[in-house]
Amino acid sequence: MKVWLKKILWLFAGLGMVFLAFYLSIYWGAFGKIPSKEELKNLKQSVATEIVDDQGSLLGKVYIYDRQAVSFSEFPPHLVNALIATEDTRFYEHDGIDAKSLLRVFFKTILLSDKSSGGGSTLTLQLAKNLYGREAYPVFSIVINKLKESIVAQRIEDLYSKEEIIELYLNTVPFPDNTYGVESAAFKFFNTQTKNLTVAQAATLIGSLKANHSYNPRLFPERSQLRRDVVLKQMNKYNYLSTTETNQLIAQKIKLDYQYFSPNQGVAGYFRAKVRQQTEQIIQKHKLKQANGELYNILTDGLRIETTLNKPMQLVAERAMKKHMSRLQSQFEKGYGNNAPWLRNKVAFNWALQQLPYYKKLKSQNLSLTEIKDSLNRKQKVKVFDWKKPTVKNLSILDSIEHFSKFLNMGFVAIEPNTGEIKSYLGGVDYTYFKYDHVSQSKRQVGSLFKPIVYTAAIENGLAPCSYYNPSAVTYTDMKNWTPKNASKKNNESEHINYSLERALSESINTIAVKVLQEVGIDKTIEQAKKMGIQQELPKVPSIALGVTDVKLLDMARVYSTFVNDGMAPEPVFIKTIKNKRGEIIWSQEQQNKTNKKEAAFSNFTRQVMLSFMQSTVNKGTARRLRTTYRLNNAIAGKTGTTQNNKDAWFAAITPKLVCLTWVGNDNAKINFSSTVIGQGANAALPMFAEFYSALSKNKEFDAITQAQFEPISKEVKKAIECDDEKKDGLFKRIFGKNKDEKTFHEDKQKKKKGIFSWFKKK
């Protein structure tokens, strides 16, 4: 017996020595460095950056880990109670280590090879695991990780109070849907802050910690509710809840208010992408640094970006867009019927095919078109966009081209003209499927939207507002016999009938726009366009009067803002301030504006004349359906725009407090509208603004915008624009005169004339 006893004692001593050596090797870093107390004192967790609207409402986040840190004081007691009751009932009694649990894991794993021996971790051990993760080792992986975590846990307990440990834990622990920390989880699943979580909501989130996928309340509501009820019963067991309260809560179903904060989903996806891009540019340009000298990182440093967007207005715009664009898409497809250009092997289809990088790669390998198409015809399951409901289809790349090429796209922006602040922003119909931003990136032909620039330049350079022009078509012999024509055949043959500038602009008469351009000159018109906000080079051709040039939508928003901003083109503003996670302002737009001096692009006389002309466009011109169809009686001026090939449709709406620009068209350069009836600005673009502004007008929250009125025009302007819409030639001219049907356009052949109102133009 003594011999056997000695052997057993020596065995245990040997095992003890082995364990001690094993433990010390881990402690000294043989299996990877263990963070020191100094490092644990200065824990730096990756924190998500928040993007908020002009009222502080959360729009979305930018992150590697979706996490927001909150202090222990913001945790409601029932949240902490649910955590303790479910995860670590002896939390306030132990020093972070459950020795019995660790010995069980060690002996069962080594001696019995039982991989199910895990469990029994304290909150402090879980915190250590959450902070530093686990590594894979060839043998004894779980034991090594558990021992490393126990060392870290002891150091944490030495450095932090129990409350601080709970704070660190709840700010670190992973919740469902790639969400880290309870604040982010509270926002994502219940659209509330941690401090406002109810008992049932807190229990739901704590319950998900056991398995954050299996107990995801969005994916598995019934399973999540059963787990929530377990948490509630644990709270009752440890006297945190009465039996009556527990039963009442168990009877309630989980009610989610889920918020999508991923880059591709949620409200204002295009705007958030633009804000992220601008923030990164601001950080680089202004060298915004942290205390340690490193530049701020938008993905990890928990910035708070306060933007100009108004979330309620953005939601109105998104609903209006869906209503209009789904309806227009149906018109668009019916207009083509079986002759749709996006169908397989049509010109537009082949053009889209040839733009694919994969097609170009296959082409470079000298494969035939048949071989390339065979390669692109392999089917797989793809989630595709549809106005009714996104669906999963079994499609090849060729099928996808045909499917996506048919969809119209759009751009819409609502800008505050006196500040340049962007209040609503839609870069396309759906950011998840169409990433290209048609507000800030895309350049499209602006069509008749350019005409007000021509008229502005003419009036600013002395043309009298009551000037008259004959709308008949003219051939310009020095421009390769170019003959611009009007949409209405009647207007092309209106001999001896002359239209006022107001009528010509409100009815968007092409021939008169070119004649006005000839009067003022191309150079002066281009100079005027640049003063009004168009930043790119413009072609020096007479067809510029008809908007043949490609311009960004955001630049056109600047142009139209000048008419209600004292003639000044505002700089579009997306971001008001950027704060660090301590709430300190590290950059502000207000500070930048102090260095920017602006000059008016034209006189107040010209501004009031043009604003009056464009009110006529709404009251009796091409945009009159705002009054007749949509019954909008608000103060609105505007201009429709349609390109001659029916490829682009525009509408610019000017109101006293808000300027709105809409573009609609197809991303495929070979696809246009089948007819002007469908593709004209009044049909394809104007209804977007109409639906948007109608909804705003019904909401008293926006009364300051929708009920605002244009300022009264001056006596001089009122007198200057008092004239009939049309004027007949005199008897003598009708008998003996004839409007020229041929002219030249060269500016050096023009005689510049100044009207009697030129003395009003004070720069």
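Any value given below was found using the heavy atoms of this structure, including those in side chains, with hydrogens, waters and symmetry copies removed. All values reported here derive from a predicted model rather than from experimental measurement.
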Item to check | Ring centroid separation Phe434 to His438 under 6.0 Å | outcome: no

Item to check | Gap between atom CD1 of Ile401 and atom NZ of Lys406 - 0.5 Å precision | outcome: 14.5 Å

Item to check | Backbone N/O of Thr179 and side chain of Arg67: donor-acceptor pair under 3.5 Å | outcome: no

Checklist entry - Side chains of Thr577 and Glu306: donor-acceptor distance under 3.5 Å anywhere? => result yes

Item to check | Over 12 non-hydrogen atoms of neighbours within 6.0 angstrom of NZ in Lys379 | outcome: yes

Checklist entry - Do Arg276 and Glu280 meet the salt-bridge criterion of a basic N to acidic O distance under 4.0 Å? => result yes

Checklist entry - Sub-3.5 Å donor-acceptor pair from the side chain of Glu245 to the main-chain atoms of Ser242, do we have one? => result yes

Checklist entry - Is the ring centre of Tyr180 less than 6.0 Å from the ring centre of Phe175? => result no

Next on the checklist: Does atom CD (Glu222) have a neighbourhood of more than 12 heavy atoms from anything else shown, all under 6.0 Å?
Outcome noted: no

Next on the checklist: Please check: side-chain N/O of Arg228 versus main-chain N/O of Ala202, any donor-acceptor pairing under 3.5 Å?
Outcome noted: no

Checklist entry - Under the criterion side chain to side chain donor-acceptor pair (under 3.5 Å), which of Tyr425, Tyr431, Tyr270 is the partner of Asp437? => result Tyr425

Item to check | NZ/NE/NH1/NH2 to OD/OE distance under 4.0 Å, Lys323 and Glu691 | outcome: yes

Checklist outcome for this item: Hits for side chain to side chain contact (heavy atoms under 4.5 Å, CB included) against Ala695, two or more places apart or cross-chain, chain-then-number order -> Val316

Checklist entry - Do we see a donor-acceptor contact under 3.5 Å between the side chains of Asp88 and His94? => result yes

Next on the checklist: For Lys423, is there an ion pair with Asp54 - N to carboxylate O distance below 4.0 angstrom?
Outcome noted: yes

Checklist entry - How far apart are the C-alpha atoms of Lys162 and Glu164, what are their side-chain angles, what is the distance that settles it, and do they pass the salt bridge (Lys or Arg N to Asp or Glu O under 4.0 Å) test? => result CA-CA 5 Å; Lys162 289 291 187 180; Glu164 289 171 331; over 6 Å; no

Checklist entry - Is Ser400 reaching over with its side chain to a backbone N or O of Ser396, donor-acceptor style, under 3.5 angstrom? => result yes

Checklist entry - Above 12 or not: heavy atoms from other molecules or residues under 6.0 Å from NZ of Lys435? => result yes

Checklist entry - Are Gln234 and Thr86 close enough that a side-chain donor and a side-chain acceptor fall under 3.5 Å? => result no

Item to check | Atom OH of Tyr433 with >12 non-hydrogen neighbours under 6.0 angstrom | outcome: yes

Item to check | Face-on cation placement of Lys274 at Phe574 ring, 6.0 Å and 45° thresholds | outcome: yes

Item to check | Passing candidate, side chain to side chain contact (heavy atoms under 4.5 Å, CB included) with Ile585, options Arg304, Lys579, Lys576 | outcome: Lys579

Next on the checklist: What I want to check is whether the side chains of Lys61 and Gln68 have a donor and an acceptor closer together than 3.5 Å.
Outcome noted: yes

Checklist entry - Phe220 and Tyr215: aromatic ring centres closer than 6.0 Å? => result no

Checklist entry - Mind checking whether Phe190 and Tyr258 have ring centres under 6.0 Å apart? => result no

Next on the checklist: Just by distance, no angles: are the side chains of Gln290 and Asp301 close enough, under 3.5 Å, to form a donor-acceptor pair?
Outcome noted: yes

Next on the checklist: Please tell me whether Ser73 and Ser71 have a donor and an acceptor in their side chains that are separated by less than 3.5 angstrom.
Outcome noted: yes

Checklist entry - Could you give all pairs that pass the salt bridge (charged side-chain N to carboxylate O under 4.0 Å, His left out) test and reach residues 165-177, with sequence neighbours left out? => result Asp177-Arg218

